[in-house]
Amino acid sequence: MPHRLSRCGLAARFALALTVTTLPAAALAQSAVGHPEWPGKGDLFVGTCYQPVDRSPEQIRQDIAVMKAAGFTMVRMGDLSWDSFEPQEGRFTFEWFDKILDQMHEAGIRVIVDIPGQPAPIWLHKHYPGVDLVSQAGTRLNAASRYWDNISDPDYRRLARRLADKLLQRYARHPAVIAVGYDNEIGNGRMSYSEADRKRFVGWLQKKYGTIEALNTAWATQRWSRRINSWDEVDLPYGEGPGPNERNLDLHRYWSDDTIAALKDLEASRKANAPNLPAASNFWPSAWTKGFDYLRAWDQVSTYGAQGFYPGDPLGAGFDVMSNRAGHDTPVWFNEFTAGGGGYYGTPGRSRMWAYFGLLYYSQTFLAWTFNSHLGGEEQSLFGLLDHDDRPSWKVGEFATIAREFQTLRKLGFPRYQAPQVAIAYSFDTMWLTSPPPGPNTMKEYFKVDYTEQAKAAFAPFFRDNIDAALIDVGHDRLDAYKLVVLPAAYLIDATMRDAVRRYVAAGGTVIMTGYSAKVDATGKWFGTPLPGGLTDVFGLRTNEFYRSDTPLKVSFQGRTLTGSDPYYEVLEPSSATTLASFDNTPMKSPAITINRYGKGRALYLATAAQEALLAPLVRSLYPTLGIARGPETPEGVVARVVEGRTLYVNTTAQPIRVPIAGRKHDVIGKTEVAGALAMPAYGAALLD
């Protein structure tokens, strides 16, 4: 929903050529392979999120008539409505939903049925107090706000699974239903600190570490007299601080695994009751309260990468979409899509522009949040497609235009299925480890930058060159699908990630790693070996020594003087690596960029923080030898891709822009002829044939 803040933190990868035999076993259950009836190439859906619990039967009939007239082809329903399906424990009421589904089917509108596991009903909290949250101060919290549910509680899990079973048994074969969603915006919510939560955390630690001795080693408990003698002495770390890094990291891993387990419960229900339906859920893995490691779980809980799409700047929007796309070989669904918002009525043309932008970034489904403006609750000043008096706003017409135009575009190569040739590494563990809670901690004295912003800096050159770049967890997804892999500030490198990078380079792959990388192991402790930990031979150097320059870093590279934007630099000690560029204005003028041959491949190291000013010339220098083709050249603010021989241009700005065009072209969208230059209005889009 529009209250969501954009903080990306999770990785993505696209690999069209995967076959049933190469997919991991966990992914097979979710893969669209073997399901030609599931949405694929040539399917584009435009519609809205709809919450009929706010509407009378007469309003529902009128609403569906408006949707049909606008050409809407999909709605998402069921989310946030547990107590409408189960108003009292064990008493289910589905007839009201049956009627709405039947009306949607009659109107030719397909439906995503969302299993509304969150928020939990008030009756569930009252009957089962373990579902209440407990603050880190020990205060029991009632369900005062949405998602204040302890989803680790066994009674919650049992009842959420029962609800899923009931819904899917009833609607798996309904002709209107096209997909299933799980727990709107899961990843949001708060950690809980009850004694039951502590015991579940201890059980998780026992499974992970096995012995108290191993736990003491992982947590460095010899520091500050923190040794643990028995499992009974283990406390829940404070997510709001203070506390050591190692414990904070395991706390977030625990809650991530707990969230994924809740999703697996619902996925088990889908497999048992509705294997004919794909899963497309509005997850929130990058939520700053809890989040979860979507990068290492996407293939277990989803068929399509899906999200609420509330973009800010275009670069951040592209990064956000690719992180939610994860490793799927299927398109992205915008299960919530920008229309109006909280305190924001909307801007004419903006939603249409972002829809075309979405087409460039593999998107297939565009569901406006929301249909009717809310009259009450926390979102009563949230403005949807209908005004508060039920009058259709101009936004209905704009979404009708999107729906009409996309009916043509779906026959012209959309949604896109071209696999990226470049990948950016992103790590849930590094994100949380480098974002410690308040308290005594030297982490931020060293890691002074924002990890996600460094990942965006690595993404930026490809964004500006109109090249697709996946975001992946290199310890989870295959690397051999990519010609280039970039690891920006890969602070934590576990054995799986290390081995994957080593194999990839040895087999002929090219990797760029930046400063701040491979400093700590899987427990979050610094390597007791030369840095970069476990990869010194792959990169052919050591990175132990570092400083911060008093003046902007200067680097001479391929006849140009580059100026950095971050003062941090590492003094590289090459062994087998060759220096490509050195710092011009540091005391030792040490190497700034090195390259090392390892096996059949190459490992490059940039000895400073990930920053576009230095990364962009470096990656562009590699395009010719790697066979990476730049996309269409466009002015700042215009993004573009070639799709089946046609070029789609999108002006993301509120100003008109002229784009130079070679020769004479036909604009399929505007139905005009273009020669010499394409005059794009504010928020305009053109598909040149």
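Not measured: the values here are computed from a predicted model.
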**Request:** Test I178 against L277 for side chain to side chain contact (heavy atoms under 4.5 Å, CB included), laying out the working first.
**Result:** CA-CA 6 Å; I178 194 170; L277 297 174; 5.9 Å; no
**Request:** Tell me, with the steps shown, if N596 and T578 meet side chain to side chain donor-acceptor pair (under 3.5 Å).
**Result:** CA-CA 6 Å; N596 189 55; T578 300; over 6 Å; no
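Annotation: side chain of Q418 is not in contact with side chain of R641 (no heavy-atom distance under 4.5 Å). A heavy-atom distance below 4.5 Å is not found between the side chains of V75 and C49. M74 is listed as a side-chain neighbour of I112, based on a closest heavy-atom distance under 4.5 Å. The shortest distance between side-chain heavy atoms of R478 and Y504 does not fall below 4.5 Å. A heavy-atom distance below 4.5 Å is found between the side chains of M353 and V650. Here the side chains of R416 and P331 are not in contact, with every heavy-atom distance at 4.5 Å or above. D584 is not listed as a side-chain neighbour of V555, based on a closest heavy-atom distance of 4.5 Å or more. Put simply, the side chain of Y649 does not reach to within 4.5 Å of the side chain of Y356, judged on heavy atoms.
The cationic atom of R352 (NZ for Lys, CZ for Arg) does not lie both less than 6.0 Å from the six-membered ring centre of F357 and within 45° of the ring axis. Judged by a 6.0 Å distance limit and a 45° cone about the ring axis, K456 is not positioned over the six-membered ring of Y451.
Note that OG1 of T48 is 7.5 Å distant from CZ of F399, once rounded to the nearest 0.5 Å. With rounding to the nearest 0.5 Å, the separation of CG in L687 from NE2 in H666 is 9.0 Å. To the nearest 0.5 Å, the span separating CD1 on I595 from CZ on R602 amounts to 5.0 Å. We find the CZ-OG distance between F337 and S363 to be 8.5 Å, quoted to the nearest 0.5 Å. From H35, atom NE2 reaches atom CG of N276 across 8.5 Å, with rounding to the nearest 0.5 Å. Note that CD1 of I467 is 8.5 Å distant from CZ of R620, once rounded to the nearest 0.5 Å.
Judged purely by atom type and a 3.5 angstrom limit, T647 has no side-chain atom pairing as donor or acceptor with the backbone of V643. Here the side chain of D450 pairs a donor or acceptor atom with the backbone of T452 at under 3.5 angstrom. Between the side chain of T652 and the backbone N or O of G637, at least one donor-acceptor pair lies under 3.5 Å. Not a single donor-acceptor pair under 3.5 Å links the side chain of D477 to the backbone N or O of I472. Listed for the D320 side chain is no donor-acceptor partner under 3.5 Å among the backbone atoms of N324. Within the 3.5 Å criterion, the main-chain N or O of L367 finds no donor-acceptor partner in the side chain of N335. Using modelled atom types, no side-chain atom of T594 and backbone atom of T579 make a donor-acceptor pair closer than 3.5 Å. When atom types are taken as modelled, the side chain of T73 and the backbone of V46 share a donor-acceptor pair closer than 3.5 angstrom. With D390 contributing its side chain and L386 its backbone, the two residues share no donor-acceptor pair below 3.5 Å. In this structure, the side chain of E398 engages the main chain of G349 through a donor-acceptor pair within 3.5 Å.
Listed here is the closest heavy atom pair of W333 and Q364: NE1-OE1, 2.7 Å. Shortest non-hydrogen contact noted between L479 and A500 is CD1-O, 3.6 Å. Closest heavy-atom contact between P461 and V619: CB-CG2, 3.8 Å. Closest heavy-atom contact between A317 and P311: CB-CB, 3.7 Å. In terms of heavy-atom proximity, V33 sits nearest to S31 at N-OG, 3.0 Å. Contact detail for A581 and F557: the closest heavy-atom pair is CB-CD1, 3.9 Å.
Using cut-offs of 30° and 60° on the angle between ring planes, the pair F371 and Y50 is perpendicular. Classified by interplanar angle (parallel below 30°, tilted 30° to 60°, perpendicular above 60°), the ring pair W354/F309 is perpendicular.
Between R410 and D43 no salt bridge is recorded (no basic side-chain N to carboxylate O distance below 4.0 Å). Ion pairing between a basic and an acidic side chain is recognised when a charged N comes within 4.0 Å of a carboxylate O; R503 and D480 show no such pairing. Salt bridge K41/E644: present, at least one basic N to carboxylate O contact under 4.0 Å.
Residues F366 and F406 place their aromatic rings such that the two centres sit under 6.0 Å apart. With ring centers used as reference points, H328 lies 6.0 Å or more from Y362.
Donor-acceptor pairing under 3.5 Å is recorded for the side chains of T563 and K554. D387 and Y345 share a donor-acceptor pair across their side chains, judged by distance under 3.5 Å alone. D465 and Y623 share a donor-acceptor pair across their side chains, judged by distance under 3.5 Å alone.
Applying side-chain contact (heavy atoms from CB on, under 4.5 Å) to F462 and the options L615, L484, I628 leaves one that passes, L484. Remark: of the listed residues W369, Y344, F334, W369 is the sole one forming a side-chain contact (heavy atoms from CB on, under 4.5 Å) with Y310.
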Would you give me the side-chain donor-acceptor pairs under 3.5 Å for residues 603-614, sequence neighbours excluded?
from: Y605; atom 1: OH; to: T514; atom 2: O; distance (Å): 3.4
from: Y605; atom 1: OH; to: E570; atom 2: OE1; distance (Å): 2.7
from: T608; atom 1: OG1; to: Y568; atom 2: O; distance (Å): 2.4
from: T608; atom 1: OG1; to: Q611; atom 2: NE2; distance (Å): 3.0
from: Q611; atom 1: OE1; to: S565; atom 2: N; distance (Å): 2.5
from: Q611; atom 1: OE1; to: S565; atom 2: OG; distance (Å): 3.4
from: Q611; atom 1: OE1; to: D566; atom 2: N; distance (Å): 3.2
from: Q611; atom 1: NE2; to: A609; atom 2: O; distance (Å): 2.9
from: E612; atom 1: OE1; to: R464; atom 2: NE; distance (Å): 3.4
from: E612; atom 1: OE1; to: R464; atom 2: NH2; distance (Å): 3.2
from: E612; atom 1: OE2; to: R464; atom 2: NE; distance (Å): 2.5

